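Encoded as structure tokens, the structure appears first; notes follow it.
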Protein chains: 2
Amino acid sequence: MSDTPLLAGIEAGGTKVIAVIGTGPDDTVAEMRIPTTTPSETLGAVTDFLRTQIDAGNVPAAGGIASFGPVELRRTSDRYGFITTTPKPGWSGTDMLGPISEVIGGPVAFDTDVNGAALGEGRWGAARGLDTFVYLTVGTGIGGGAIVGGRVAHGLVHAEMGHLVVPRHPGDDFAGRCPFHGDCLEGMASGPALEARWGVAPPQLSGADLDAAVEMEAWYIAHGLRSIVYVTAPERIVIGGGVSTMPGLMPRVRQSLVDALGGYPGLPEHASVDFVVPAELGAMAGPAGALALAADALAR
Amino acid sequence: MSDTPLLAGIEAGGTKVIAVIGTGPDDTVAEMRIPTTTPSETLGAVTDFLRTQIDAGNVPAAGGIASFGPVELRRTSDRYGFITTTPKPGWSGTDMLGPISEVIGGPVAFDTDVNGAALGEGRWGAARGLDTFVYLTVGTGIGGGAIVGGRVAHGLVHAEMGHLVVPRHPGDDFAGRCPFHGDCLEGMASGPALEARWGVAPPQLSGADLDAAVEMEAWYIAHGLRSIVYVTAPERIVIGGGVSTMPGLMPRVRQSLVDALGGYPGLPEHASVDFVVPAELGAMAGPAGALALAADALAR
């Protein structure tokens with residue numbers, strides 16, 4: 001164990017919750033994984049874990065909660081740190097920050113799981129050393145976090161990059177499955193969209209179907225990235241999530257992004273293998289994100 | 001004159017340059033306007049003006065340059081503060097920051113005219129008091145600046161919001177006139193695009209044509225705003241530029257944005273008249289932006 005202070009990270013996902021105590025994703029002293037059940041049972045288990053650790057001498061100097069959403073991130077709101085309206089039964093209006101803050105004496109940061117993962121990639125992963133970058137996760141859903149000057153971009157609400165406008169791939173007649181927009185990025189390129197379009201889950205694709213699916217997936221991701229590039233001009237874009245590991249996807253996304261930018265602004269860096277890169281934290285993205293939030297809270 | 005320090009603001013536009021000394025756009029003590037000719041003549045006139053003012057006792061504590069572009073904004077580059085490659089004859093590779101910094105003793109900030117205007121609207125205009133917002137200018141070109149946590153978003157390069165993907169309006173068969181993308185936001189909704197589509201400049205439109213043009217313009221702007229909302233989640237969007245003053249445009253943009261968001265994330269604030277608002281600085285946007293950059297430089 002190093003001399004840096006201990007942190008508490010809580011990744012609250014829709015199906016499981018992971019709580020860790022440590023200085024970083026590679027240096028944890030305690031960890032707990034539980035299924036996400038009711039708010040009182042789940043948060044009760046988290047606070048029990050934290051209390052037990054503190055009693056055992058593993059006292060975190062700060063905490064971070066990377067939560068499923070939608071969540072209230074405006075500090076001016078009296079529901080700051082709450083889950084707002086979620087389809088997950090029983091969880092709408094749950095105060096996540098309050099009960100956990102009560103146990104951890106120090107500052108506790110609260111953000112979405114995606115924004116946490118973005119900060120984690122910046123601190124320990126594929127965006128180390130950069131202060132303006134974007135993390136995009138492509139899996140069951142599509143979401144993104146924009147870091148600008150070291151700060152997570154959120155104003156009224158958090159980013160919702162899955163819902164960007166994308167032009168239809170010329171060879172694609174799939175209607176799209178976003179309940180709000182139909183054929184937005186998430187509607188066309190999430191894991192469930194792929195499965196609905198091709199009739200099998202992405203890992204089962206092979207041969208010509210796999211090739212066509214990868215090319216189409218790269219098109220949609222690249223057109224989403226085009227808008228991201230034009231809005232925040234990131235130094236790098238990190239892509240994670242289950243779908244992002246489709247074989248051969250990353251080089252095609254890079255090529256498709258170059259095509260989508262159409263030579264504007266004509267920066268050679270946008271074509272570099274260092275611009276669009278795979279996430280490095282993998283399965284640890286969630287807890288690492290929560291620890292990154294805690295480190296951020298401590299630094300302020 | 002107030003007790004706040006004097007600042008120097010230089011708006012370097014493609015056709016004219018305005019230099020002001022003052023504490024803000026409503027409190028200037030000296031001003032110079034010249035046409036943009038050659039780099040040496042133009043920058044010479046600016047530095048002469050600054051020297052004369054300093055000799056007269058109007059000594060700026062800091063300076064700001066809001067420049068036409070494209071410009072190099074990476075502080076790590078040895079061409080930081082330069083205009084990079086511009087179609088404007090003679091101006092490619094011009095060092096803007098160097099000669100002006102030499103005259104002004106204090107810190108001098110350098111950014112695009114659009115990012116300057118964004119900061120100006122934040123300090124003195126329609127986004128006062130907010131730290132995460134977007135400024136979009138719709139005129140001869142379309143450009144935007146995103147402010148996140150009080151900082152201008154730029155990583156590899158500055159934002160280029162004119163080039164966002166927008167879906168074609170169902171009633172529109174105009175091909176678009178962006179030389180890079182054809183039918184991107186700027187290609188469909190800039191002043192020249194309107195003139196090419198309707199055969200007359202926007203101010204000459206009337207009757208049913210004006211109505212149709214406003215409705216179409218609102219559609220394109222709103223779909224650009226949708227991507228901006230989903231990437232940076234701003235607290236407010238400020239719209240300036242000549243085309244933005246088309247009669248009845250602003251309410252239609254608000255309605256069209258609500259339609260484009262499709263109920264997601266379902267925040268009532270996105271439908272509010274306080275969310276999409278007209279710019280307040282008008283003709284002073286450029287110099288105000290340059291002064292805002294100077295104030296920012298001083299504050300660091």
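Sequence lines set the chain letters: A, B, ... in the order given, protein chains first and strands last, and positions in each chain run from 1. The structure presented is a predicted model; accordingly, all values stated were derived computationally and were not measured.
Put simply, the side chain of B/T232 reaches to within 4.5 Å of the side chain of A/T232, judged on heavy atoms. Annotation: side chain of A/V166 is not in contact with side chain of B/V165 (no heavy-atom distance under 4.5 Å).
Minimum heavy-atom separation, B/R74 to A/L267: NH2-CD1, 4.4 Å. Closest approach of B/L156 and A/E235 over heavy atoms only: CG-CA, 3.8 Å. Taking each heavy atom of B/H270 and A/V157 in turn, the nearest pair found is CE1-CG1, 4.3 Å. Of all heavy-atom pairs between A/A233 and B/A159, the closest is CB-N, 4.0 Å.
Only the side chain of A/F275 has a heavy atom closer than 4.5 Å to any heavy atom of chain B. Within the 4.5 angstrom heavy-atom criterion, atoms from both the backbone and the side chain of A/C184 approach chain B. Contact annotation for A/V152: only backbone heavy atoms (N, CA, C, O) come within less than 4.5 Å of a heavy atom of chain B. Neither the backbone nor the side chain of B/L130 has a heavy atom closer than 4.5 Å to any heavy atom of chain A. For A/P167, the parts lying near chain B are the backbone and the side chain together; criterion is any non-hydrogen pair under 4.5 Å.
Interatomic distance, CZ of B/F180 versus CG of A/L261, reported as 11.0 Å (0.5 Å rounding).
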When you look at A/H154 and B/T132, which way does the side-chain contact (heavy atoms from CB on, under 4.5 Å) test go after all the steps? CA-CA 7 Å; A/H154 41 66; B/T132 298; over 6 Å; no
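The most heavy-atom pairs under 4.5 Å with chain B, out of A/H223, A/H158, A/E269, come from A/E269.
A salt bridge is absent between A/R226 and B/E160; no separation between the charged side-chain nitrogens and carboxylate oxygens falls under 4.0 Å.
Ring to ring, B/Y230 and A/H181 are close: their centroids are under 6.0 angstrom apart.
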